[in-house]
Structure formats: C-alpha cells, structure tokens
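Below is one structure, written out as structure tokens, with a few remarks after it.
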Number of protein chains: 2
Amino acid sequence: MLPDKRYFDSFFKSAFTVDNVIFGFDEGKLKILLIRRNEEPYADYWALPGYFVQQYEDLDAAAERVLREMTGMENVYLEQLHTFGTPYRHAFGRVITVAYYSLVKIADFRPRAAGVAQDITWHLIDELGVLAFDHLEIVQVALEHLKKSIRTRPIGFELLPPAFTLTELQHLYESVWGTELEKRNFRKKILSMDLLRDVGKVQKGVAHRPAKLYRFDEQRYRELEKEGFNFEVRDGGKK
Amino acid sequence: MLPDKRYFDSFFKSAFTVDNVIFGFDEGKLKILLIRRNEEPYADYWALPGYFVQQYEDLDAAAERVLREMTGMENVYLEQLHTFGTPYRHAFGRVITVAYYSLVKIADFRPRAAGVAQDITWHLIDELGVLAFDHLEIVQVALEHLKKSIRTRPIGFELLPPAFTLTELQHLYESVWGTELEKRNFRKKILSMDLLRDVGKVQKGVAHRPAKLYRFDEQRYRELEKEGFNFEVRDGGKK
DNA sequence: TCAAAAGTGTTTAGCGTACACCCATGC
DNA sequence: GCATGGGTGTACGCTAAACACTTTTGA
C-alpha cells in the first residue's frame, strides 16, 4: 500500500501563526504588551504581537523571531501556552495560532513597534477593550494559567526588578489573584523558604520607614528543587 | 494600506494533525492506546491514533472525529495538551500536530482498528519501543502532565471502574508516580476529603478479606470546588 | 509630631507523618 | 489453620491562620 502523495495535497492549504502574551508588572499593576496593527485584517486594532510562521520554521523559534521583529525584544523566555484553532478565526483562510507567554521585567526592555505594528504599549490587564481576532480569549487563557502557575512555581520574580521589597512581591500576588493577603503570614511563608537574599540595601525616597531589598536566589531554588522541595504560595485569603 | 492577499499565499501551504494520547489503567498498570499504521509514512509502526485535520474543521472536533473513525470510541473527553511543530517531523511537508489526551475506563470501550489503523491495542506505558513520528516524545509530555495533574485534580477516578477499592486507587497513584505510598495515610487523606461514597458492596472471589467498593461523588466535588476546596494528593513517599 | 508603611511574636488548631496490630476471607 | 491483603488509632511535630503593636523615615 503505497501512499498517493496527491491525495494529501488537499490538507496542505493551511497556515499557522504564533501569538505572544507578554506579561509585565509596573506601578503595582499587572500589564500586557500589545501592538496596534497596520495591516488587514483588523488594521488599527490592538493585538498580541504575533505573525505567520514560515514554512519550515520551528514553532518556538518563530515565536522568538516574531517577537523580536515586532518589538525589538530579545532573550525573552517564551513558553507554549495553548493552540487556538476555531475554523473562521482569520479572514484569509484557515489559520491556527500557537500562543506563547512570558513574564518580563518591564524596565529591561524598551519595545519599539516594527513590521505589522504601528504602535506598541503596555496595557492594564483589566482595561483591554476590544482586541483583534480571538486575542482577548488568548489573554484570558494566559491569565488563568498565570494565576495557577505563580502559586507553585517561583515565576513571580521574573516580573519584578532584580531587587525588590517584600511588599512589592505581595502586591504582585494580590494583583494577579485579585485578592488580599495577610502581611505577616505572607512574609513568614516567603522568608521561610530560604529563597530570598537580603541585598543589604533599602528603599530610597519614600515617606516612611524604608523597606529592605531582596533578590531571588535562583541557584538555591535549583538545589532545593532537586531535593524534592515544592514551592507554594497559598491564597490564604485575608479574613 | 490594503493587504495583498497573494503575498500571504506562501503561508497557506501547511497541514496540521491531531494526535490522541488515551490513557487507561488495567491489571494495576498504566497503559496507552496505540494503533498500527497501514499508511506511509511509518507504515507498520505503532503510533498514536491521529490524522489530518480538515480544512475548516475545529481542532477539538477533529480530535474527537479522528479518534472515533480510527478506534470507534465515542464520548471520550479530550483535553488539549501541547502542539508539536518541529520543522521536518513529517515527510510530506510541513505538518504540525496538536496533541490531545484523555483518561478512560478500559472496560467501557472495545476499540477496533479502522481507517489508517490496521491494528489497535493497549500498551504498557513503560514498554512502548519505537513509535511513528515524534509520538514517543508526545507520550512523554502527556505522562509528565498526567503526573502533575493527578495530584491536584480528581482525575484518577476516570481511569478506574465506577466502583473501586481504595487499594486500587492507591495502586493507580503509585503506578503513575512510580513511587510507593503509605497505606494508612493515603486512605485517611482520601476519605477525609468526603469525595468517596461507600457503595455498600465488597470485592468477590479474593482469597483474603474482601475490600469495600467506593464510587467517586462528582456532584460533591463540584460543590466543594465552588467553596474553594483544593483537591490534593501528595506523594508522601514511603519511608 | 504626624502620617505612612515596615517590621515583628505568639497562640491555636488542623494536618501530615510515622508506625503495629487485628480482621475477614479462600484455600 | 494459614496465607493474604483489608482495615484501623494514636502520638508528635510542623505549619497555616489569626491577630496588634512598635519602629523608622520624610514631610
């Protein structure tokens, strides 16, 4: 039984794209990076930075390339999230999109619009309005994923500057989960994990007692992980 | 700036498939369902039940259809797992595959090979040998996913018959995790969740004290979930 | 001296862990 | 009556949870 290659041709008429959900945290708020499209379909709409994958390009590599070409951002660690394939989600034909997401320190990058992007900015996660394609749904899936994974993996630190205060860390969790946490218990839990190092500095220019700055000890985390340690922060809920 | 539709044509030359990782549990062992292909590429190789998605077919629907057509299995709850898109993973052109997975009760189905499948059987998860395409990698990703999610979601019950003993449940966890659990603590933990109902029957025909049979109370789980209950079984490790 | 956030200690209750023995059945 | 797995109780230690006051700084 030899294959008839022509029979298969009918399947080779689709395209796929990658779309990147880039989370940042700034001024105590969770944000995502959006571009404004200058191309149909959805010209002038805000959208996730994403574009077509080339015919023999690896998916992960495509996500990196597209992000770099549209935003100028390099060395962003992208993780695959989910694939969206509703039949008529793109006006030009069958296009499925593989969504990726990443957590970045906003201060590390100065995104500049290029390619299909005429504009680019950080948007508050809860003020997105209408987005191109099914990108709002993609953002929602990414946010749900973030809520879960920030609980059991020490990924929140990727959103914070290299040195941060415990209150900033707490606000990050509160912002992602939309809840309030009890200060003493949060600090006790975090510090008891032995993953933060006092960098010996304090906040400057605040009109109150300045907070100590900490850094995340990634090497220590890797050691603990090998020993079977499980990172976990609970939404203990306040009251 | 109007789009030039012809410019985009170069992107519309790819295909995608769905591949299903179907887990079952039988004779105390974790298994997956494989078919033997009768079509190139990889004719005569064992493979996951999967095939091309039609041009305007929804991905989730395609996974269901393909599974039904190849195995006769209906009403299988499939969940999307991950998308695999290494450039030259398929000899006929660019094909990315969206992998789905499911947990089923082996006794509920009697799979029969059809379509591109010349044969179909359950395989022990740790005796798979060589599989078609990158299907071994897909199975590994699915297994890792199962190990994690069985811990925090009550999905193990989907692999067991409607009435099961606590020891069967424990063996299921041990088989998936490859560890041993402490009997008393496991039972205490499981029963304390108030999710199992004694069905009032016992095992028959065993050469020892017969074990009570339980069923999973799904309705109760939904209630608890709403109240913020988090299912969790730990790999307490024995000794 | 006031406002504003940082920082800390203690008590309580529940849960994970470790561990050893009796029970019911088939053969 | 013996082999086989089913089934249970308890003590200990840790940690999550709840809660209020003092400290440090800038304005």
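We name chains A, B, ... by the order of the sequence lines, and we start the count at 1 in each one.
Along DNA chain C, the nucleotide nearest B:Ser192 and the nucleotide nearest A:Gln203 are compared for position; the residue whose nucleotide lies closer to the 5' end is A:Gln203. Position along DNA chain D of the nearest nucleotide to A:Val206 versus B:Arg209 favours B:Arg209 as the more 5'-ward residue.
Atom NZ in A:Lys189 sits about 20 Å away from atom P in C:dG7, given to the nearest Å. If you take CD1 of A:Ile190 and C1' of C:dG7, they are 16 Å apart, rounded to a whole angstrom. Across the protein-nucleic acid pair, B:Leu169 atom CG and D:dG7 atom P stand 13 Å apart, rounded to whole Å. Going from atom CG of B:Leu181 over to atom C1' of C:dC19 covers 16 Å, rounded to whole Å. Atom CD of B:Gln170 and atom C1' of D:dG7 are 12 Å apart (whole Å). Atom pair A:Asn185:CG and C:dG7:C1' shows a separation of 14 Å (rounding to whole Å applied). When rounded to the nearest whole Å, the span between CG of B:Leu213 and C1' of D:dG6 equals 12 Å. Between the NZ atom of B:Lys183 and the C1' atom of C:dT17 there is a distance of 16 Å, given to the nearest Å.
For B:Glu182, the side-chain atoms get nearest to C:dC19 when compared with the rest of D:dG6, C:dA5, C:dC19. Looking at the side chain of B:Ala207, the nearest of the listed nucleotides D:dG7, C:dG26, D:dT25 is C:dG26. When the nucleotides C:dG9, C:dC19, C:dA24 are ranked by their closest atom to the side chain of B:Arg184, C:dC19 comes out on top. Taking only side-chain atoms of A:Lys188, from C-beta outward, the nucleotide of D:dG6, C:dG9, D:dT25 with the closest atom is C:dG9. Residue A:Arg234 has its side chain nearest to D:dA16 when only D:dC19, D:dA16, C:dC23 are considered. Residue A:His208 has its side chain nearest to C:dA4 when only D:dA17, C:dG7, C:dA4 are considered.
Taking 3.5 Å as the limit, the base of D:dG6 and the side chain of B:Lys212 contain no donor-acceptor pair of atoms between them.
Side-chain nitrogen and oxygen atoms of A:Arg187 include at least one within less than 4.0 Å of the OP1 or OP2 phosphate oxygen of C:dG7. For B:Thr167, a side-chain nitrogen or oxygen approaches OP1 or OP2 of D:dG6 to under 4.0 Å.
Remark: B:Arg222 engages B:Glu218 in a salt bridge, criterion side-chain N to carboxylate O under 4.0 Å. We find that B:Glu144 and B:Lys148 are not joined by a salt bridge, their nearest charged nitrogen and carboxylate oxygen being 4.0 Å or further apart. The existence of a salt bridge linking B:Asp194 and B:Arg220 is confirmed by a sub-4.0 Å separation between a basic side-chain nitrogen and an acidic carboxylate oxygen.
Under the 6.0 Å cut-off for aromatic ring centres, B:Tyr42 and B:Phe133 qualify, their centroids lying closer than that. In this structure, the ring of A:Phe216 has its center no less than 6.0 angstrom from the ring center of A:Phe164.
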